[in-house]
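Both ligands and their constituent atoms are indexed starting at 1 by order of listing.
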Amino acid sequence: MRVKFWGTRGSIAVAQPASAIRTKIARALVAAGGRTFVDESDAGVFVDTELDFATGATYGGATTCIEIEAGDGSFIVCDMGSGVREFGISAFGRCAAGHERVYNFFMSHLHWDHICGFPFFGPAFDPNARIIVHSGHEDAEQALRRQQEEISFPVAFDWLRAKIEFVTLRAGETYRIGGVDVEVMEQHHSHKSYGYRFTDDDGKSAIFSTDSEHKIESMEGEADVAHFFRTADLVICDTMYSLADAVSMKEDWGHSSNIVAIDLCHEAGAKRLALFHHEPIYSDDDIQRMHRESIRYEELTRREQPLEVLCAYDGLELEL
Ligand SMILES: [Zn+2]
Ligand SMILES: [Zn+2]
């Protein structure tokens, strides 16, 4: 199973402003200390090995879209945030090389940051493409049609050429879709959200659980979540806020913290956690700091087996 992150930001897409790029370049030049490099790839090795991630790269700014490569050769995609535009460009290239034109989407929920990429999803205009939108919500079709009404967008949903189908899934059930087992969990969020557990025939499992509020004072009530995460190879979890933010001014905003996610993954015996759905106000430095604090917290609270804590960024690819 391979997992590729096409969009990792929460709530609204962000781009690095010129001043942020300027700071990264200035820091890199200082860190290089007058060293010279033979060519770009030589300099690239320096960036990869001697600069921290927030200086040498960026977590990115597209909203939720994750691709899971597993199963029967159809595409498996979680959510249609702005990252789905880039995924669509990549998919076009792969379809030209013979990839099957079947897209199995799994929707966490229908908030704007999770559907806003669909009007820019190129394969929706491909008459040979088949798009199946799986969702725990019965109003998924209504949400996608509404955002392409004339008042909001110039291209109507009915002008799309792909064959588009909608399938409602039920929480607590396990389905066989795209050659993988898909388990569905209902989550706490405004208008509800759903988590998905994907398991391939090699027994590898990845959890997609975003836009879900887990409250630290009701952790006993989270036993069902820990069961859903049980021994997962990867848990992609909503960690939008630091714990201090999550329990003070942003309680009941429908999101979770890095600390609660680590506690749940420890409880579940999960192997890897990807911090995800980054707060749009946070800079690359802020997100990197939260990642480092998360690693320290994991080490302090570790039980038998270590939990690897990753921080998702646009373009990250993982092999499970
Ligand atoms: Zn969201
Ligand atoms: Zn949401």
Quick check: does Asp113 put an N/O/S atom under 2.8 Å from the Zn ion (ligand 2)? no
Just checking Tyr59 against Tyr282, ring centres under 6.0 Å apart? no
Can you name the N/O/S atom of His109 that is nearest the Zn ion (ligand 2)? NE2
Heavy-atom donor-acceptor pair, His278 side chain to Ala312 backbone, under 3.5 Å: yes
For salt bridge (charged side-chain N to carboxylate O under 4.0 Å, His left out), just list the numbers for Lys4 and Glu319, CA-CA rounded to whole Å, side-chain angles, deciding distance to a tenth of an Å, and then say yes or no. CA-CA 9 Å; Lys4 176 151 188 186; Glu319 184 80 49; over 6 Å; no
Out of the N/O/S atoms in Asp211, what is the name of the one closest to the Zn ion (ligand 2)? OD2
Looking at Asp158 and Arg145, is any side-chain nitrogen of the basic one under 4.0 Å from a carboxylate oxygen of the acidic one? yes
Which of Gln187, His109, His111 passes side chain to side chain donor-acceptor pair (under 3.5 Å) with Asp211? It is His109
One thing to verify: whether Arg303 and Glu267 come together as a salt bridge, which I'm taking to mean a side-chain N less than 4.0 angstrom from a carboxylate O. yes
From His277, does some N, O or S atom reach closer than 2.8 Å to the Zn ion (ligand 1)? yes
If you check every N/O/S atom of His114, which is the one nearest the Zn ion (ligand 1)? NE2
Flag His189 as yes if one of its N/O/S atoms falls below 2.8 Å of the Zn ion (ligand 2), otherwise no. yes
Let me check your reading of the structure: within less than 2.8 Å of the Zn ion (ligand 2), is there an N/O/S atom from His111? yes
